[in-house]
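Below, all heavy atoms of this structure are taken into account, side chains as well, without hydrogens, waters or symmetry copies.
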Amino acid sequence: MYFNLIIIGDEILHRSRTDKHFAFFKALLEQHGLRLHQVQYLPDDPELLIKQLRRSFSDGLPTFVTGGIGGTPDDHTRQAAAAALSLPIMRHPEAARLIAAVSLKRGDTLDSAEHEQRLNMADFPQGADLIPNSYNTIAGFYIRKHYFFPGFPIMAHPMAEWVLNTYYADRFHQTRTELRAIWIYGLPES
């Protein structure tokens with residue numbers, strides 16, 4: 001079984017942060033007998049995200065998406081996913097409840113600016129379901145075989161493991177893989 005991976009973030013493309021997702025996801029899939037089909041690196045550009053997510057949803061392959069689901073102004077992935085599917089953004093009640101608990105634990109009131117900013121992370125495309133986040137309980141989401149995680153590996157990687165174990169365990173080690181090679185010496189590659 002094949003999976004796609006979309007890694008979103010200007011910070012990765014412009015080298016202010018090193019990508020730690022590609023190697024992890026490749027190894028995670030391989031350890032379960034699954035395969036990585038393709039990888040895309042995308043900037044935090046709403047129009048490009050909509051275009052590429054629309055194409056990705058039409059592919060029908062399960063896809064991991066990292067980055068851009070936070071509450072800062074440069075995070076556009078949640079809105080782009082909704083636009084790519086022609087769906088409205090809706091506040092997910094369970095995600096909002098989890099965020100309220102985080103805000104209260106941090107000492108913020110539920111009418112504070114900090115909580116209101118954080119609450120944006122509970123807005124998903126209509127019909128999306130939650131992916132639990134064991135690091136800080138602020139959930140990711142999934143819709144139509146696309147699994148959206150924060151860009152931070154400490155959160156995204158356990159969430160991806162949860163997705164595989166929850167939805168794809170019956171597919172582990174079902175795909176046979178082989179490698180065949182012919183070595184010809186004394187000739188250039190061309």
Side-chain angles (χ1 to χ4, degrees), residues 2-26 28-29 34-92 94-96 98-99 116-133 135-136 138-164 167-168:
Y2 290 94
F3 288 76
N4 288 338
L5 173 61
I6 299 174
I7 301 167
I8 298 170
D10 289 340
E11 65 279 4
I12 291 175
L13 289 171
H14 302 304
R15 301 175 65 92
S16 63
R17 185 169 292 156
T18 302
D19 170 44
K20 296 190 175 160
H21 294 302
F22 173 73
F24 169 81
F25 279 93
K26 185 175 185 314
L28 175 67
L29 291 168
L34 304 168
R35 305 284 308 261
L36 189 58
H37 182 252
Q38 70 172 322
V39 178
Q40 276 191 310
Y41 289 88
L42 297 175
D44 293 305
D45 176 333
E47 308 243 340
L48 183 59
L49 291 174
I50 293 167
K51 177 182 171 186
Q52 295 301 344
L53 286 170
R54 188 173 288 138
R55 183 207 48 77
S56 182
F57 282 117
S58 73
D59 284 351
L61 284 177
T63 301
F64 297 121
V65 183
T66 68
I69 67 167
T72 60
D74 66 330
D75 290 322
H76 307 290
T77 304
R78 292 175 287 108
Q79 297 85 349
L85 292 168
S86 300
L87 293 171
I89 287 278
M90 303 290 290
R91 180 142 299 158
H92 193 286
E94 178 63 14
L98 292 167
I99 291 169
E116 289 299 320
Q117 181 69 26
R118 209 173 282 126
L119 201 52
N120 289 327
M121 294 185 286
D123 296 344
F124 304 136
Q126 182 179 30
D129 287 310
L130 300 185
I131 300 171
N133 180 342
Y135 183 77
N136 67 5
I138 297 176
F141 69 96
Y142 68 94
I143 188 166
R144 299 192 192 168
K145 295 194 290 186
H146 280 59
Y147 306 92
F148 294 83
F149 312 122
F152 298 103
I154 196 167
M155 295 180 220
H157 296 174
M159 293 168 83
E161 290 177 22
W162 180 89
V163 165
L164 287 181
Y167 298 110
Y168 297 97

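- Each side-chain hydrogen bond (donor to acceptor under 3.5 Å, both in side chains) pair with one or both residues in residues 77-86, not counting sequence neighbours, would appear here, but there are none.
- Considering only residues two or more places apart in sequence or on other chains, F124 meets the ring-ring contact (aromatic ring centres under 6.0 Å, His included) condition with F141.
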Output, in order, the C-alpha distance, side-chain angles, deciding distance and verdict of side-chain contact (heavy atoms from CB on, under 4.5 Å) for K145 and T63.
-> CA-CA 6 Å; K145 295 194 290 186; T63 301; over 6 Å; no

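- We find the CG-CD1 distance between L13 and I7 to be 9.5 Å, quoted to the nearest 0.5 Å.
- In terms of modelled atom types and a separation under 3.5 Å, the side chain of K26 and the main chain of L36 share no donor-acceptor contact.
- Considering only heavy atoms from C-beta on, P150 comes within 4.5 Å of M159 through its side chain.
- Between P153 and K20, the closest heavy-atom pair is CG-CB, 3.9 Å.
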Intermediate values then yes/no, side-chain contact (heavy atoms from CB on, under 4.5 Å), L53 and F148 = CA-CA 11 Å; L53 286 170; F148 294 83; 4.2 Å; yes

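- Rounding to the nearest 0.5 angstrom, the gap separating the CZ atom in R144 from the CG atom in L87 is 5.5 Å.
- Within a 6.0 Å radius of CZ in F152, other residues, nucleotides and ligands contribute 12 heavy atoms or fewer.
- Atoms OH and CD1, on Y41 and I12 in that order, are 7.0 Å from each other to the nearest 0.5 Å.
- Minimum heavy-atom separation, A80 to P46: CB-O, 4.3 Å.
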Check the pair H157, L28 against side-chain contact (heavy atoms from CB on, under 4.5 Å), reporting the backbone distance first and the verdict last.
-> CA-CA 9 Å; H157 296 174; L28 175 67; over 6 Å; no

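- Within the model, atoms CD of Q38 and CG of L5 stand 9.5 Å from one another, a figure rounded to the nearest 0.5 Å.
- In this structure, a donor-acceptor pair under 3.5 Å is present between the side chains of Y167 and Y142.
- Taking a 6.0 Å sphere around CZ of R17, one finds it holds 12 or fewer heavy atoms contributed by other residues, nucleotides or ligands.
- Nearest heavy atom pair, residue Y2 against residue L61, reads O-CD2, 3.8 Å.
- To the nearest 0.5 angstrom, F25 atom CZ is 8.5 Å from L164 atom CG.
- F3 and F64 have parallel rings, their planes meeting at less than 30° on a 0 to 90° scale where 60° marks the start of perpendicular.
- Residue I69 holds its CD1 atom at 12.0 Å from CG of D123, rounded to the nearest 0.5 Å.
- Although no hydrogens or angles enter the test, the distance criterion places a donor-acceptor pair under 3.5 Å between the side chain of H21 and the main chain of G151.
- Residues A83 and I50 come closest through the heavy atom pair CB-CD1, 3.7 Å.
- For N133 (side chain) and I138 (main-chain N/O), a donor-acceptor pair under 3.5 Å exists by modelled atom type.
- Scanning all heavy atoms of the two residues, the minimum distance from I8 to P43 falls at CG2-O, 4.0 Å.
- When only modelled atom types and interatomic distance are considered, D44 and H76 share no side-chain donor-acceptor pair under 3.5 Å.
- Between the side chain of H92 and the backbone N or O of E94 there is at least one donor-acceptor pair closer than 3.5 Å.
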Report the C-alpha separation of L48 and L42 in whole Å, then their side-chain angles, then the decisive distance to 0.1 Å, and conclude whether the side-chain contact (heavy atoms from CB on, under 4.5 Å) test is met.
-> CA-CA 8 Å; L48 183 59; L42 297 175; 4.2 Å; yes

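- Residues F149 and V65 are not in side-chain contact: their nearest non-hydrogen atoms beyond the backbone lie 4.5 Å or more apart.
- Side-chain contact, D59 with S56: no donor N or O sits under 3.5 Å from an acceptor N or O.
- Minimum heavy-atom separation, L98 to A139: CD1-CB, 4.5 Å.
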